[in-house]
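Contents: one structure, followed by commentary.
Position 1 is the first residue of the sequence; numbering continues from there. In this text the structure is predicted, and so the values were computed from the model without any measurement.
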Amino acid sequence: MRSLAHILFFTVITILIAQQVNLVHGEDEVKDDLIKSIDALKKALKIEPSNVEGHYYLGLAYYDKEMVPEAVDEFKKTLKLDKNYTNAYFQLGAIYTNQGDIDKAIDIFKKALQVDEANAMAGYNLGFLYNKKGLVDDAITAYEKAIEIKPDHYQSLNNLGIIYYKKGLPDNAIASYKKAVKVNPDYAESYYNLGTAYLEQGQLDDAVSEFQKATILAPKFLDAYYNLGIAYRKKGMLDKTISALNKATEIDPEDIKTLNNLAIAFHEKGKFEDAIFTYENIASITPEDANVRYNLGITYFKAGMLNEAISELQKVFELKPGHVKAHYNLGVIYMRKNMLNESIKEFQEALKTDPGYSKAYVNLGVVHYRKGLPNEAITAYNRAIEIKPDYAEAYYNSSFAYMEKGLIDDAIDMLKKGIGLNPDNSLLHFLLGNAYSDKDLLDEAITAWEKVLETKPKHYKAYNNLGFAYYSQGLVDKAITTLKKAIEIKYDYAEAHYHLGSIYIEKDMPEEAIAALTRAIELDPNHTKAHYNLGLIYRHLGDLDNAIAEWKTAVKIDPTYAKAYNNLGVAYDFQNKIDESIYQYKHAIEMKSDYVEAHYNLGIAYAKKGDMENAVYNLRKAIEINPDNLDAHFALGIIYRAKWKVKESEREFSIYRRLKSGGTN
């Protein structure tokens with residue numbers, strides 16, 4: 001935001017000395033006229049040394065010829081002859097001010113005011129000079145005196161407003177600006193200053209209105225357009241921001257502050273190409289400014305142009321080695337590109353320059369975690385927490401690393417610590433619920449997820465997890481209501497539709513189950529479990545072709561999905577396609593070698609085909625995995641009886657009867 005406009009007005013009188021001239025042709029002729037004027041005045045003063053106006057006009061002529069000491073001497077002579085000659089005081093005061101001799105200038109204007117107490121301009125200039133010296137209270141007194149002399153002295157009202165604002169009296173400042181524009185409605189500076197005061201007070205509509213008035217009165221008023229753009233940006237009106245700042249660049253195409261804010265507005269609007277063009281323009285004006293290159297790199301990053309972003313951020317180091325944020329964001333970009341070693345290097349470089357950069361430690365931990373190095377990740381997260389003990393992101397990322405190591409209790413402990421420092425952080429509560437769920441501590445998980453909803457009542461994932469937890473506790477109706485709430489908040493959340501469909505299966509509500517699971521698949525075509533469960537419904541309804549189609553899709557998405565292979569085998573078995581059935585059971589066992597049900601089903605399929613050797617092998621394998629498998633013992637007894645192996649048959653039937661009566665093998 002541009003500063004207030006504080007203006008000094010001096011009465012500068014241009015006098016045509018000697019002859020009246022209509023046109024001046026060239027600088028030499030002007031100089032000749034001045035020399036002639038000086039010579040004529042000097043001759044006149046020789047004849048009449050006490051001619052007051054002669055000395056005054058000679059001082060003006062000397063000043064116009066840039067002979068300042070001679071001009072001062074003549075103005076002093078003027079005042080020696082006539083201490084009431086006000087214009088001489090003003091000319092001397094102007095010269096002393098330009099020379100930086102503020103004390104002398106103040107003394108001169110005080111004398112001017114003494115000889116002419118009704119001279120508002122003398123009071124005004126005193127106010128300006130006092131303010132320049134930092135004598136704010138004296139400046140206020142002087143401006144107030146000028147206004148007392150001339151109530152419509154709008155310059156004094158304007159500058160008095162500026163001083164009030166700097167003293168932390170915004171209401172007084174605004175009142176003073178309003179008086180200035182009331183007495184002079186064409187004074188653009190006061191509209192600008194009034195707008196600036198409103199802008200800093202957060203009265204954005206009023207600020208916009210005043211800046212617009214300033215630009216109408218002064219179409220080339222760069223700062224008014226600039227601050228108008230800032231006001232629009234604070235209102236979130238980015239199109240108008242861009243329009244106002246573009247106007248400012250038309251006035252001064254190389255004004256860096258305007259160009260920077262224009263680029264930011266383009267960035268926030270998502271017009272990355274325009275932002276990039278603007279930053280490149282700034283870079284051409286200030287090629288040594290490392291921050292411009294940095295901003296250009298960040299804009300490329302936001303635009304998804306990662307290689308260009310890397311190139312620009314690397315240029316930053318040529319201008320400013322050790323630019324912390326450039327190293328940090330390069331690390332983030334490399335992480336996005338899965339260039340993890342390069343990412344680690346950049347985060348470490350950022351930390352060399354700024355060892356207290358907690359965000360760099362967190363992202364360093366994330367990279368280590370992605371590299372499968374949970375211990376290194378935990379070390380980095382702990383360092384971030386040492387630097388910033390309430391850093392929620394460090395706690396929840398640390399919990400992931402502990403979970404990766406299988407240390408669920410440590411993950412829970414870390415999340416609890418994070419919650420102790422960030423009691424309203426919904427993400428920490430949500431992850432704590434997940435960790436409790438992984439330990440089958442459903443009551444604690446439910447409490448954590450319910451805590452999430454206290455601060456974030458629209459947290460659909462918390463509703464989803466709660467719904468599944470309620471279902472696991474046998475609270476089916478409550479689970480359905482909760483899952484419907486998740487869907488109400490976010491209708492395109494596939495997971496909630498999946499869980500709802502799965503519960504409808506258990507409630508034997510096939511139509512509702514099909515609708516919910518079909519919707520889950522529409523939202524997420526690769527939702528393996530939704531395809532699997534939809535297959536279960538179709539099999540329940542006797543529609544084996546559609547069941548097979550769903551399970552085939554499931555194993556296409558996840559070729560390791562053993563349960564889907566097993567169910568495919570069962571479906572083909574129902575269709576009497578034994579060879580295809582055997583093929584699917586084998587796939588299931590290949591994916592999960594200890595899959596009891598698949599071994600049992602494979603054994604039965606071989607028996608149906610008459611391959612008793614393989615049937616016995618797979619049934620025995622099922623029993624080896626689970627000695628208490630009642631069905632496998634019974635089937636094996638049948639096969640042994642068919643093979644006239646009476647002893648073996650009786651042994652299996654005996655085990656079967658014992659297991660069925662509640663005993664163990």
Parallel, tilted or perpendicular: ring planes of Y491 versus H497, cut at 30 and 60 degrees: perpendicular

Any idea which heavy atoms bring [X] and [Y] closest together, and the distance?
X: A598; Y: I589; answer: CB-CG1, 3.7 Å
X: L619; Y: G603; answer: CG-CA, 4.2 Å
X: H429; Y: P423; answer: NE2-O, 2.9 Å
X: G297; Y: A309; answer: O-CB, 3.3 Å
X: D524; Y: A494; answer: CB-CB, 3.8 Å
X: V452; Y: S426; answer: CG2-O, 3.5 Å

Side chain to side chain, [X] and [Y], heavy atoms closer than 4.5 Å:
X: R539; Y: N546; value: no
X: K621; Y: Y600; value: no
X: Y294; Y: N329; value: yes

Salt-bridge contact [X]-[Y] (side-chain N to carboxylate O under 4.0 Å):
X: K269; Y: D274; result: no
X: K577; Y: D579; result: no
X: D410; Y: K405; result: no
X: E488; Y: K485; result: yes
X: K417; Y: D413; result: yes
X: K529; Y: D558; result: no

Residue pairs, two or more places apart or on separate chains, that pass salt bridge (charged side-chain N to carboxylate O under 4.0 Å, His left out) and touch residues 359-385: R383-E386

Pairs satisfying salt bridge (charged side-chain N to carboxylate O under 4.0 Å, His left out), at least one member in residues 584-605, at least two apart: K592-D594

Name all residues meeting the ring pair (Phe, Tyr, Trp, His ring centres under 6.0 Å) criterion together with [X]; count only those two or more places apart in sequence or in a different chain, and write none if there are none.
X: Y656; result: F634
X: Y460; result: Y493
X: F574; result: none

Partner of V596 under side-chain contact (heavy atoms from CB on, under 4.5 Å), chosen from N601, D631, N629: N629

Results of side chain to side chain donor-acceptor pair (under 3.5 Å) for [X] - residues two or more places apart only:
X: E349; result: K352
X: E273; result: none
X: E308; result: none
X: S399; result: none

How many angstroms lie between [atom1] in [X] and [atom2] in [Y], if you round to the nearest 0.5 Å?
X: Y396; Y: Y381; atom1: OH; atom2: OH; answer: 9.5 Å
X: K478; Y: Y470; atom1: NZ; atom2: OH; answer: 4.0 Å
X: I557; Y: T560; atom1: CD1; atom2: OG1; answer: 11.5 Å

Counting only heavy atoms not in [X] (residues, nucleotides, ligands), do more than 12 fall under 6.0 Å from its [atom1]?
X: F468; atom1: CZ; value: no
X: K240; atom1: NZ; value: no
X: Y583; atom1: OH; value: no

What pairs with [X] under side-chain contact (heavy atoms from CB on, under 4.5 Å), at least two apart in sequence or on another chain?
X: N465; answer: F430, N434, W449
X: M403; answer: I408, A411, A435, D438
X: L306; answer: F301, I333, R336, K337

Passing option when Y532 is tested against Y498, Y561, Y565 for ring-ring contact (aromatic ring centres under 6.0 Å, His included): Y561

Cation-pi, F266 ring and K271 (6.0 angstrom, 45 degrees): no

Validation row, ring centre H459 to ring centre Y463 under 6.0 Å: no

